[in-house]
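The block underneath contains the structure these notes are about, expressed in structure tokens.
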Amino acid sequence: RRTNSGVGTQTATITAGGLTPPPNAAMSNVEDYNGASWTNGTALPTATARNVGFGTQTSAIMAAGGTGPSSDTNTTVALGWDGTSWSSKPSMATARRFTHSSSYAPSTAGLVFGGYTTTFVASTEEWNSSLNVITAGAWASGGTLNTARQRTGGFGNAQTSAVTAAGASAPPATALNKTEEYNGTSWTEVNAVNTARYNMTAFGTEAAGVLAGVGTPSVTYGGTTEEYNGTNWTTVNPYSAPGANYRSSCGPQTAGLLAGGVAPAPAEMTNAVEEYDGTNWTAG
């Protein structure tokens, strides 16, 4: 045969596909080499020539090539070999033959480049796969809050350990002081914050959280700050007045960050940054 592909090492190799003599029919034959002799292996599902491969004798990818009586029908087909059987893998983007590959890449990460369709091909395609089965992310309904609210503050370190605090009722907005904890299934009302508020910012974990800033019908801006220890709220040092609302935040209780937001007119949007070390605020 000719224009067959191979993968593996000198003492553990497989070769697959290729061409018979004219009329150049594609082959499905596979052979294994142990460093001394060749034996017949499990045939390809589809006769293919001018294909390409990478991997090992027990974990390989064979892809692209030509099929048909004259082996000149370009294909995007990719096949996986697990040492026992062939299985279909996601197809290549560009059908091609006479292509090349990284010769001894693991079957979880390979490279195929160049080739021929009706003209020469310069494009490269990368192959990546995982040995683990990964379940795609999806949204599902969780437990409903006990008190409907908007413009609240939330923090937590896991889906099963979260806090939402304060916020506003439906318009006309009324500042709320209610706190609720989430266990992954349901919300439970716990101790209220000391200062009812909305438009503030929150960060930290369920056992060490922070609410910073304040908005109420009478106090539009301010740096009032409270810490939560998993049970009680404590009013601590505020950040610099006049403060800002609708800020972004991140970090744990002892290394928090507030950035941007809305400040009093005429400044309105701000680029101010505040850093919190668990005791004091400083300008960043």
Side-chain angles (χ1 to χ4, degrees), residues 1-138 158-159:
R1 68 180 87 179
R2 57 190 172 95
T3 66
N4 47 313
S5 62
V7 302
T9 65
Q10 188 183 57
T11 57
T13 297
I14 60 173
T15 187
L19 290 177
T20 61
N24 296 335
M27 303 171 64
S28 60
N29 301 66
V30 173
E31 295 186 39
D32 297 285
Y33 187 65
N34 62 8
S37 59
W38 292 93
T39 57
N40 288 320
T42 303
L44 293 170
T46 303
T48 310
R50 301 159 177 164
N51 53 337
V52 70
F54 53 87
T56 68
Q57 192 182 46
T58 57
S59 179
I61 297 292
M62 296 288 182
T67 62
S70 299
S71 66
D72 56 3
T73 301
N74 296 311
T75 181
T76 60
V77 169
L79 299 171
W81 172 250
D82 62 7
T84 302
S85 59
W86 295 97
S87 60
S88 295
K89 298 297 181 182
S91 297
M92 293 183 63
T94 302
R96 61 180 91 179
R97 60 190 192 274
F98 293 120
T99 188
H100 301 278
S101 72
S102 46
S103 59
Y104 190 64
S107 63
T108 55
L111 199 66
V112 174
F113 44 90
Y116 184 82
T117 54
T118 56
T119 184
F120 294 111
V121 177
S123 61
T124 298
E125 295 188 38
E126 296 179 358
W127 165 263
N128 293 285
S129 66
S130 172
L131 296 177
N132 301 311
V133 176
I134 299 173
T135 302
Q159 186 187 54

Practice problem: From the options Thr56, Ile61, Ile14, select the one residue that forms a side chain to side chain contact (heavy atoms under 4.5 Å, CB included) with Trp81. | Solution: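 Among Thr56, Ile61, Ile14, the one meeting side chain to side chain contact (heavy atoms under 4.5 Å, CB included) with Trp81 is Ile14.
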Quiz prompt | Separation between CG of Asn51 and CG of Asn4, rounded to the nearest 0.5 Å | solution =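 Rounded to the nearest 0.5 Å, the CG-CG separation comes to 7.5 Å.
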Self-check item: OG1-CG distance between Thr48 and Asn29, expressed to the nearest 0.5 angstrom
Solution: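 Here the rounded value is 11.5 Å.
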Report yes if some heavy atom in the side chain of [X] is under 4.5 Å from a heavy atom in the side chain of [Y]; otherwise report no.
X     : Y     : result
Thr46 : Thr67 : yes
Thr42 : Thr84 : no
Met27 : Leu44 : no

For [X] versus [Y], what's the shortest heavy-atom pair and its separation?
X      : Y      : value
Phe54  : Gly110 : CE1-CA, 3.5 Å
Leu79  : Ser88  : CD2-CA, 4.3 Å
Glu125 : Ala93  : OE1-N, 2.8 Å
Val7   : Gly55  : CB-O, 3.8 Å
Gly53  : Ser5   : N-CB, 4.0 Å
Ala64  : Met92  : CB-SD, 3.6 Å

Below 3.5 Å, can you tabulate the donor-acceptor pairs from side chains in residues 112-119 to any protein atom, sequence neighbours excluded?
unit_1: Tyr116; atom_1: OH; unit_2: Thr118; atom_2: O; d: 3.3
unit_1: Thr117; atom_1: OG1; unit_2: Thr119; atom_2: N; d: 3.4
unit_1: Thr117; atom_1: OG1; unit_2: Thr119; atom_2: O; d: 3.4

Donor-acceptor pairs under 3.5 angstrom involving side-chain atoms of residues 30-41: please list them, not counting sequence neighbours.
unit_1: Glu31; atom_1: OE2; unit_2: Arg1; atom_2: NH2; d: 2.7
unit_1: Tyr33; atom_1: OH; unit_2: Gly35; atom_2: O; d: 3.1
unit_1: Asn34; atom_1: OD1; unit_2: Ala36; atom_2: N; d: 2.8
unit_1: Asn34; atom_1: OD1; unit_2: Ser37; atom_2: N; d: 2.9

Quiz item: So Asn74 and Arg97, side-chain hydrogen bond (donor to acceptor under 3.5 Å, both in side chains) or not? Walk me through it.
Solution: CA-CA 6 Å; Asn74 296 311; Arg97 60 190 192 274; 2.7 Å; yes
Self-check item: Gln57 side-chain N/O to Thr13 backbone N/O, donor-acceptor pair under 3.5 Å
Solution: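 Looks like yes, one N/O pair under 3.5 Å.
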